[in-house]
Visitor: 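The structure is given below, and queries will be raised subsequently.
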Amino acid sequence: MNRFDYVRPATLAEAVEAARAPGSAYLAAGTNLLDLMKGGVARPARLVDVTRLPGLDRVETMPDGGLRIGALVRNADLAHDPAFARTCPAVAEALLSGASAQLRNAATVGGNLLQRTRCPYFYDPASACNRRDPGTGCDARGGENRLHAVLGWSDACIATHPSDFAVPLVALDASVEVEGTSGRREIPLEQLHRLPGDTPERETVLEPGDLIVALRLPAAALGFAGHARYVKLRERTSYAFALVSAAAALRLDGDRIVEARIALGGVAAKPWRAREAEAALLGATPGRDAFRRAAGLALAEAHPSGDNAFKIELARRVAARALALAAAGTPERLPALPASPFATAPGVLQDA
Ligand code: SF4
């Protein structure tokens with residue numbers, strides 16, 4: 001373990017000032033950061049503990065009907081908030097599909113969005129990794145890479161973003177409020193994470209000192225509550241990151257789709273919004289043909305980065321399945337376990 005400074009600011013301004021120095025990192029629950037430090041992957045010179053900052057642990061309804069969720073709200077508290085689960089069911093479903101109950105009890109909204117990739121080579125300081133140590137190479141390219149990206153990857157890095165939570169949030173046009181050295185600004189969540197390009201070490205658009213203080217969901221996001229689902233496929237039922245996942249949300253008028261949202265997880269270095277697929281569903285009648293066509297469009301640009309061609313077809317099927325489940329209607333109560341692609345639901349085709 002490296003030596004590091006520890007500071008616990010009392011105000012936002014003090015926190016930003018303390019974290020602008022090179023080598024600083026914010027600490028909230030630490031469910032990812034402390035593991036990285038223990039493994040010698042992250043070596044911050046200063047930890048800025050934000051857990052005592054006032055006012056960041058609230059969920060508020062805004063005057064326009066949207067939601068503002070403080071960055072220190074715990075994942076479990078948000079997922080189990082009945083009003084939130086009713087209005088944003090796909091987000092609650094995604095939260096409950098992530099990590100373990102113990103981790104969800106500790107992990108925060110802000111930390112979830114900023115967690116690091118789970119590429120095993122990133123976590124092994126003996127491996128070459130451009131994301132951890134720029135310019136060293138990428139051992140995943142010629143190694144074990146069946147879980148890696150099929151969209152938006154580059155020769156420098158083929159890692160995926162691990163958050164479930166972020167996937168429906170991107171579909172629903174969420175944004176983050178960021179406090180920085182020049183004051184407060186709002187960033188659409190879809191623009192927060194960067195694709196790797198030649199600089200995979202720059203994972204987000206945040207600048208030194210920037211602190212996510214809240215997540216915002218616009219009022220329009222709540223209009224999908226009746227038809228929104230998150231489907232996650234993974235190698236075991238709990239405590240595993242997504243092989244592929246999909247969030248789907250629909251607004252229906254009779255037997256027509258008037259608005260569709262779809263985003264994919266586990267396929268790229270950021271949650272992947274599938275706008276062409278959404279556009280193709282406008283005016284369509286919900287059903288297998290329309291959902292398969294949309295899912296095909298969502299993966300149209302996908303190509304394997306290694307031994308992971310299977311993920312492309314898997315993602316297509318999970319996207320079509322999420323759309324079918326969304327069209328069938330959000331269940332009165334969320335399932336005890338997240339939606340399984342293999343579970344039956346009334347009116348939902350099994351071979352989506
Ligand atoms: Fe590192 Fe990215 Fe390569 Fe994984 S895929 S070893 S994170 S550069």
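Ligands are counted one by one from 1 in listed order, and the atoms in each one are counted from 1 as well.
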Visitor: Quick one: do the Ser97 and Tyr230 side chains pair a donor with an acceptor below 3.5 Å?
Guide: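 No donor-acceptor contact under 3.5 Å links the two side chains.
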
Visitor: In ligand 1, which numbered atoms sit nearer than 4.0 Å to a non-hydrogen atom of Tyr121?
Guide: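 Counting atoms of ligand 1 from 1, those under 4.0 Å from Tyr121 are 6 (S).
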
Visitor: Give a yes or no on whether Cys157 keeps an N, O or S atom under 2.8 Å from atom 4 (Fe) of ligand 1.
Guide: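 Of the N, O and S atoms in Cys157, none lies under 2.8 Å from atom 4 (Fe) of ligand 1, which means no.
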
Visitor: Looking at Glu177 and Arg184, is any side-chain nitrogen of the basic one under 4.0 Å from a carboxylate oxygen of the acidic one?
Guide: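 A salt bridge is present here (some side-chain N lies under 4.0 Å from a carboxylate O).
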
Visitor: Hey, is Cys119 touching ligand 1 through its side chain, its backbone, both or neither, going by heavy atoms under 4.0 Å?
Guide: side chain

Visitor: Among all the protein's non-hydrogen atoms, which is closest to atom 5 (S) of ligand 1, and how far away is it?
Guide: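 Result for atom 5 (S) of ligand 1: Ile158 N, 3.3 Å.
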
Visitor: Which ligand 1 atoms, with their elements, are less than 4.0 angstrom from a heavy-atom of Ala156?
Guide: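 Per the distance check, 8 (S).
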
Visitor: Which ligand 1 atoms, with their elements, are less than 4.0 angstrom from a heavy-atom of Cys138?
Guide: 3 (Fe), 5 (S), 6 (S), 8 (S)

Visitor: Please list the nearest protein heavy atom to atom 1 (Fe) of ligand 1 with its residue and the distance rounded to 0.1 Å.
Guide: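 For atom 1 (Fe) of ligand 1, the nearest protein heavy atom is Cys129 SG, 2.3 Å.
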
Visitor: Would you call Asp155-Arg141 a salt bridge at under 4.0 Å N-O?
Guide: yes

Visitor: Return yes if a side-chain donor-acceptor contact under 3.5 Å exists between Asn112 and Ser163, otherwise no.
Guide: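 Judged by distance alone, the side chains do pair up.
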
Visitor: With side chain to side chain donor-acceptor pair (under 3.5 Å) as the test, pick out the partner of His161 among Arg116, Lys270, Arg118, His193.
Guide: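 Answer after filtering Arg116, Lys270, Arg118, His193: His193.
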
Visitor: Does any donor atom in the side chain of Thr136 or Asp133 lie under 3.5 Å from an acceptor atom in the other side chain?
Guide: no

